[in-house]
Amino acid sequence: MRQPVSGFSKKSKEEKIKWLIATYFNNDNSFIKIIQQYYNSDTALQQLHDDFIENAITNFYLPFGVAPNFLINGALYTMPMVLEESSVVAAASNASKFWLERGGFTAEVISTTKNGQVHIDFYGDTDTLTDFFEITKPKLIASIDALQKNMKKRGGGLLTIELLNASETLEGYYQLHCTFETLDAMGANFINSCLEQIATTFEAEAHTYTAFGSTKPKVVMSILSNYVPECLVRAEVTCKVTDLKQKDVSGEIFAANFVRAINIAKSATRRAVTHNKGIMNGIDAVVLATGNDFRAIEAGVHAYASKNGYYSSLTHAKVEDGVFRFWIEVPLALGTVGGLTSLHPMAKFALHLLQNPSARELMQLVAVAGLAQNFAAIKSLVTVGIQKGHMKMHLMNILNQLGATLAEKEKALVHFKEISVSHNAVENFITQLRN
Ligand code: MEV
């Protein structure tokens, strides 16, 4: 039986690998090669990556792709995208080109407020707590003066602090609900530091507030919320319905089918989840490329998709007076300074590629990436189906799985230009070639 390991994080990288190989790979050193082939020969760069997380043993590559020709608010962008799914960058490029010829995308930031809570237990009289909060509020704010000095200088900082009574949903539960403007920073560390200081001050002041008697409020925890419906961005495309004409489909029929597909995603959860997953293909890829926290974005976006009490589409479409309109509204708490954005060389590169946007601008670009991805998916779904394009892009993965040579790959690409791709068909083709 395997034994637990102690002091693992204190071991050197080599010792950690040695332990893994001995414990899980039967001392087969060929696995060390796999790990080592992903080391960067630039030792400083490797050290930078090793320092991002604890117990790093190597790097894990994902492709960094680009989708050009995104016309957004009148300026042209090339979108950096990091992800493994074969057809996503091709779909993004397809959508950007389609809309380049129809006026491009527009995007606007609706709001940029972030929030966090100090979660409190209190089983006494609510009025006493409210009085205490009102008296103490200036001290709570003053206690984060040093923390928010720089942020305030730049025009951000704590915006509001409120006491919320949530005891009807959970007995004895109250919140100090705080809102923040964090400008170009995603702001997680700033917000959490402020909240923890506010919590400390709150408890210290409560300790000496005699009206509580022995029933004092107690801080349970302090943390930012990744639900950010007040950090919202909207992106849109619009054109005459007649301009939507496809090869074999009129603009009117295409638009009607497109709107119908969006409405299905608005009313059926099973479809909405896949629909929004397609949107996140675009959003996550740019979020990741720019060194932002895609888990925070995912959590916030999906919660927003459920804001009406049921899970629904993040995009909307309509046809009015012969004009097609398609838009997305998403909460995106992004940063363009601090964190990985300024540490990871490829994140820096991605931000440079996007013309060093402010966080507000990046929100717009990322929302467009989501909208474009959704447009490409729905366009395929209501016309030729998704598999045609998807399997074309997946062809190379299948060929690689089969160990195809360069010459075999070239022949396969020609052969499958007009023929449906399936694992079986590709396998048969390669077998025939080899015979
Ligand atoms: C695949 O990654 C994404 C799609 O399933 C999205 C959708 O169905 O809208 C194609």
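Note that this is a predicted model, so its numbers are computed, not measured. Each ligand, and each atom within it, is numbered from 1 in the order the structure gives.
With 3.5 Å as the limit, one finds a donor-acceptor pair spanning the side chains of Thr290 and Asn292. Donor-acceptor pairing under 3.5 Å is lacking for the side chains of Asn55 and Lys11.
Scored by the side-chain hydrogen bond (donor to acceptor under 3.5 Å, both in side chains) test, Thr315 finds His275, Ser313, Asn374 as partners (sequence neighbours excluded). With sequence neighbours left out, Asn192 forms a side-chain hydrogen bond (donor to acceptor under 3.5 Å, both in side chains) with no residue at all.
For residues 281-307, the pairs satisfying salt bridge (charged side-chain N to carboxylate O under 4.0 Å, His left out) are Asp293-Arg295, with sequence neighbours left out.
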As a test of reading the model: which N/O atoms of the protein lie under 3.5 Å from N/O atoms of ligand 1, and at what distance?
| unit_1 | atom_1 | unit_2 | atom_2 | d |
| --- | --- | --- | --- | --- |
| ligand 1 | 2 (O) | Glu85 | OE1 | 3.2 |
| ligand 1 | 2 (O) | Glu85 | OE2 | 2.6 |
| ligand 1 | 2 (O) | Lys277 | NZ | 2.7 |
| ligand 1 | 2 (O) | Asn281 | ND2 | 2.9 |
| ligand 1 | 8 (O) | Arg271 | NH1 | 2.9 |
| ligand 1 | 8 (O) | Arg271 | NH2 | 3.4 |
| ligand 1 | 9 (O) | Arg271 | NH2 | 2.8 |

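With a 4.5 Å cut-off on side-chain heavy atoms, Thr341 and Thr336 do not count as touching.
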